[in-house]
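Ligands are counted one by one from 1 in listed order, and the atoms in each one are counted from 1 as well. All residue numbers in this chain count up from 1 along the given sequence.
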Amino acid sequence: MSTIRKISCHVVSAPIERPFTSSRGWLYKTRGSCIVEIETADGIVGWGECYGPAQVARAYIESQYAPRILGRDPFDVEVIWEDLYNRIKDYGGSGMAISALSGIDIALWDIIGKTCGKPVHKLLGGAHRTEVTAYATGLYFIDMDRLIEEAVEEAQGYVEEGFTAVKMKIGLGSPRLDIARVEAVRKAIGDGARLMVDANHCFSVPTAIRLGRELEQLGVEWFEEPISPEDVDGYVEVTRALDIAVAGGENEFTRWGFRDLVARKAMDIVQPDVCAAGGLSECRKIAALAITHGVECVPHAWGSVIGLAATLHFLAALPDQPPSLRPIPPMLEFEQCENPFRDELSTEPIVQRQGVVQVPTAAGLGIEVRREVLDRYRVA
Ligand code: CA
């Protein structure tokens, strides 16, 4: 048995050329992440990633988690998870504490895979699929004077690159403008392409229902985060009122956080993020819980190639929901905004061809991290 010898957090940040925003209103001027590196006594290195404010994740890891896992067996990944969770939950077993824990969990699965010479999805029970359909996440708000034109151009670009599914942002303070923009995008990409919308929880219940009925007419596949995540009763109302699938849950954490959402069927699709909701260990429990309650699980992903690879293994190990002759498999969220940590951090970037991404097959997460990229963008 080789034990955990060292845990390092790489906090990185890169400026981006064209700042963008969503209905949240804050402007993304940089892309960053807390990348977790865990090394064993015999020199095996595992990589993980934490979603959200990177410095906060680092503080949790360095001050609370790292001292508890030094010297332990990485194969005890779930024992370690329970120990760290129970260490922190008296101060809030949700939010950034769990994002930080997610980065450690993913890195440990990477180590286990590399030790066994198996890709992570094999350790999770095997692959239901070797490739996944990816949808392009983009169509944020960049130029406030060209909101419709820029959305149309960007969506056309994705279709030209091969994507068959696109998710766009809505929530421009005017449901009429939102609908005009969705309509323009639908027209531009044609009826054959799949289209989803994401409101980043900016609507009230009645506005969400009224808007949702119009989105149904435009063949939108799901309505993501129509309302605020705290309002579970509101989600139940919106979900029952609309025919269109309602999605949410990217800001929920652990099986306990998802329990009421799925038991009450507050949404049709839950979207745990493997870098936030508790890592691969916890997300497979969340998926089991969701499927048990007849709620679909389609993970959220928004980060570096490390999080992307972890999400691909998680997706590979998700059963069809439901299984059938020609199932509709869960899609990969393949965010397309400028991000060097997605495109440059691994020796071979993860790419889509004809809208499809291959599940990595090399040992562990199946990616090789380029340290010079971490060094280039490192924050002190
Ligand atoms: Ca989202």
Query raised in the report: To the nearest 0.5 Å, how far apart are CD in Gln336 and CZ in Phe163?
Result: 3.5 Å
Query - Asp83: partners by salt bridge (Lys or Arg N to Asp or Glu O under 4.0 Å), with sequence neighbours left out - result: Arg68, Arg72
**Report entry** Residue pair Ser346 / Glu368, side-chain donor-acceptor N/O under 3.5 Å
**Finding:** no
Requested in this report: Can you see which heavy atom on Ser204 is nearest to which on Thr207, and at what distance?
Outcome: OG-OG1, 2.9 Å
Query raised in the report: Under 4.0 Å between a Lys/Arg side-chain N and an Asp/Glu carboxylate O for Arg129 and Asp320?
Result: yes
**Report entry** Carboxylate-amine/guanidinium proximity below 4.0 Å for Arg146 and Glu153
**Finding:** yes
Query raised in the report: In total, how many protein N/O/S atoms does one find closer than 3.0 Å to the Ca ion (ligand 1)?
Result: 3
